[in-house]
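What you see is a predicted model; the values in this text were computed from it and never measured. Position 1 is the first residue of the sequence; numbering continues from there.
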Amino acid sequence: MSADAVPTLPVSRTCPYAPLAEHRKLREETPIAKVKLPNGRVVWVATSHKDIRTILSDPRFSSNRRHPNFPTLAHERPPSSDLKPMLLELDPPEHGQARRAVLGEFTLQRINALAPRIQQIVDEHIDAMLAGPRPVDLVQALSLPVPSLVICELLGVPYSDHDFFQKHSSLIVNQKTPADVIMGSVVELMTYLGKLVGAKAQSPTEDLLSRQIQKQLAETGAVDFEGMVSMAFLLLIAGHETTANMISLSTLVLLQHPEKLAAIKQDPSKTIGAVEELLRYFTIAESALGRVATDDVEIGGVVIKAGEGVFALANTANRDPEVFENADELDLERGSRNHLAFGFGPHQCLGQNLARLELQIVIDTLFRRIPELRSAVPFEQLSFKDSSTVYGMHEFPVTW
């Protein structure tokens with residue numbers, strides 16, 4: 001695609017809550033449009049709820065992130081890699097086979113069985129907050145450690161190494177990180193996980209990685225070490241970066257809407273629906289929804305040619321007035337689960353049940369145990385992650 005006369009589309013959020021005005025305008029006037037990203041790459045963007053659902057469920061759009069035209073917000077493309085593709089990079093039939101192999105680990109029944117341990121983890125960290133000095137950074141005291149501990153225990157990763165993988169995962173999801181630094185972090189994490197998978201193959205324990213290793217041994221007599229490391233890498237990063245940012249953002253917006261928060265406190269059964277609305281309202285990981293057309297495809301009256309990249313702007317689609325009434329309002333009783341915060345189609349987020357449960361437990365417990373919680377600084381002084389592929393807060397000082 002030529003960059004001539006194609007408008008540049010900003011992508012960094014300037015408001016913590018609302019989609020960019022340029023994105024809204026596209027949804028209203030040109031839902032499928034060709035634009036130039038700030039890094040100079042020309043891609044198609046989709047902004048309507050209907051079109052994005054179509055793209056994400058159409059097998060003619062590939063998730064192969066190694067394709068030269070795959071849309072990315074990074075300023076440099078990572079150097080070519082011989083690492084085995086991760087689950088989110090695979091297309092049918094390999095994707096279906098790989099996803100089915102691990103899908104049983106994330107059923108609602110299995111995830112709900114984790115609730116007592118998640119509750120214990122949340123309580124322990126709130127205990128530490130209450131016993132310590134004020135103000136406290138909610139990000140470091142609660143938002144990051146809770147999902148990090150949960151995913152570590154689920155996978156069987158020693159939590160004592162969390163500083164190591166949090167440092168590298170932060171570099172990987174930052175759009176401004178140089179490509180060689182990203183690749184270096186990927187290699188370091190993969191090397192670490194490779195040693196861990198090897199150790200579990202020799203001495204299995206009660207965790208997801210050990211169960212998957214034993215399953216492969218029973219079925220094939222061998223372990224796909226590269227595939228196992230690739231799966232662990234994806235789950236480790238996705239399992240704490242996204243939920244951690246949602247905890248901070250959800251706490252902030254609930255504090256800014258005391259009447260809505262009061263309704264949840266009075267009736268905790270409303271938290272389940274509130275979590276869905278918070279997920280829709282923020283849509284923190286929309287830049288993960290890129291695709292490459294493998295054939296000429298007509299979407300919304302526009303032909304996207306084979307080999308062209310498409311970005312699905314889910315944050316804008318989740319404010320589509322044709323789908324969500326009063327879409328810009330935070331309505332905790334909306335009850336809509338047709339949002340795109342977890343994507344859509346074959347690649348819809350594996351860990352969505354876990355994310356929902358963690359958010360529900362944190363919200364209910366935090367405001368029950370610290371009812372006077374409030375931000376320790378004015379809203380204008382808060383710092384948001386506008387250069388990360390996962391939106392969130394750098395820090396959130398709170399007190400009570």
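Screening residues 179-221 for ring-ring contact (aromatic ring centres under 6.0 Å, His included), with sequence neighbours left out, gives F164-Y192. Listed by first and then second residue, the ring-ring contact (aromatic ring centres under 6.0 Å, His included) pairs involving residues 134-159 are Y159-H162 (not counting sequence neighbours). Residue pairs meeting the salt bridge (Lys or Arg N to Asp or Glu O under 4.0 Å) criterion with at least one member in residues 135-161, sequence neighbours excluded, are R117-E153.
Between T316 and P19 the shortest heavy-atom distance is OG1-CB, 3.9 Å. The minimum heavy-atom distance linking L289 with L340 is given by the pair CD1-O, 4.3 Å. Considering all non-hydrogen atoms of both residues, A113 and P116 come closest at O-CD, 3.5 Å. When all heavy atoms of A317 and F324 are compared, the pair lying nearest together is O-CE1, 3.9 Å. Residues S248 and S143 come closest through the heavy atom pair OG-OG, 2.7 Å.
Summarising the geometry, atom CG belonging to L208 is positioned 10.0 Å from atom NZ belonging to K200; distances are rounded to the nearest 0.5 Å. Distance CG/L209 to CE/M231: 5.0 Å, rounded to 0.5 Å.
Under the 6.0 Å distance and 45° angle rule, R13 does not count as a cation-pi partner of F384.
Y281 meets the ring-ring contact (aromatic ring centres under 6.0 Å, His included) test with Y17; sequence neighbours excluded. By the side-chain contact (heavy atoms from CB on, under 4.5 Å) test, A115 pairs with L357, I361, sequence neighbours left out. Checked against ring-ring contact (aromatic ring centres under 6.0 Å, His included), F396 has no partners two or more places apart in sequence or in another chain. Every residue two or more places apart in sequence or in another chain was checked for a ring-ring contact (aromatic ring centres under 6.0 Å, His included) with F233, and none qualifies. Every residue two or more places apart in sequence or in another chain that forms a salt bridge (Lys or Arg N to Asp or Glu O under 4.0 Å) with D224 is listed here: K84. Scanning for ring-ring contact (aromatic ring centres under 6.0 Å, His included) contacts around H339 gives an empty result, with sequence neighbours left out. Remark: R110 pairs with E105, T107, R211 by the side-chain contact (heavy atoms from CB on, under 4.5 Å) rule, at least two apart or across chains. E358 pairs by the side chain to side chain donor-acceptor pair (under 3.5 Å) definition with nothing, not counting sequence neighbours.
For the pair V292 and V310, the minimum side-chain heavy-atom distance is 4.5 Å or more. Taking the side chain as every heavy atom from C-beta outward, P346 and H95 approach each other to under 4.5 Å. The shortest distance between side-chain heavy atoms of V35 and E22 does not fall below 4.5 Å. A 4.5 Å side-chain heavy-atom check between H23 and L9 finds at least one atom pair inside the cut-off. Looking at F61 and T54, their side chains never come closer than 4.5 Å, going by heavy atoms from C-beta outward. Looking only at side-chain heavy atoms (C-beta outward), Q256 and L252 come within less than 4.5 Å of each other.
If you chain together ILVMFWY residues whose side-chain heavy atoms come under 4.5 Å of each other, V181 ends up grouped with L171.
Residues S169 and H240 have side chains that bring a donor and an acceptor to within less than 3.5 angstrom of each other.
For Q202, the CD atom sits in a loose shell: 12 or fewer heavy atoms of surrounding residues, nucleotides or ligands are nearer than 6.0 Å. Within 6.0 Å of the CD atom in E322, the count of heavy atoms belonging to other residues, nucleotides or ligands does not exceed 12. For K50, the NZ atom counts as loosely surrounded, since its 6.0 Å shell holds 12 or fewer non-hydrogen atoms of other residues, nucleotides or ligands.
Using modelled atom types, no side-chain atom of D91 and backbone atom of S62 make a donor-acceptor pair closer than 3.5 Å. With hydrogens and angles disregarded, no donor-acceptor distance shorter than 3.5 Å links the side chain of Q381 to the backbone of P378. With N315 contributing its side chain and T283 its backbone, the two residues share no donor-acceptor pair below 3.5 Å. With T220 contributing its side chain and A222 its backbone, the two residues share a donor-acceptor pair below 3.5 Å. Between the side chain of R60 and the backbone N or O of A306 there is no donor-acceptor pair closer than 3.5 Å. Formation of a donor-acceptor pair under 3.5 Å by the T47 side chain with backbone atoms of L313 is not found in this model. A side-chain donor-acceptor contact under 3.5 Å links R280 to the backbone of A327.
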Practice item. May I have the step-by-step check of salt bridge (Lys or Arg N to Asp or Glu O under 4.0 Å) for R334 and E325, ending in yes or no? Key: CA-CA 9 Å; R334 187 185 300 274; E325 187 177 356; over 6 Å; no
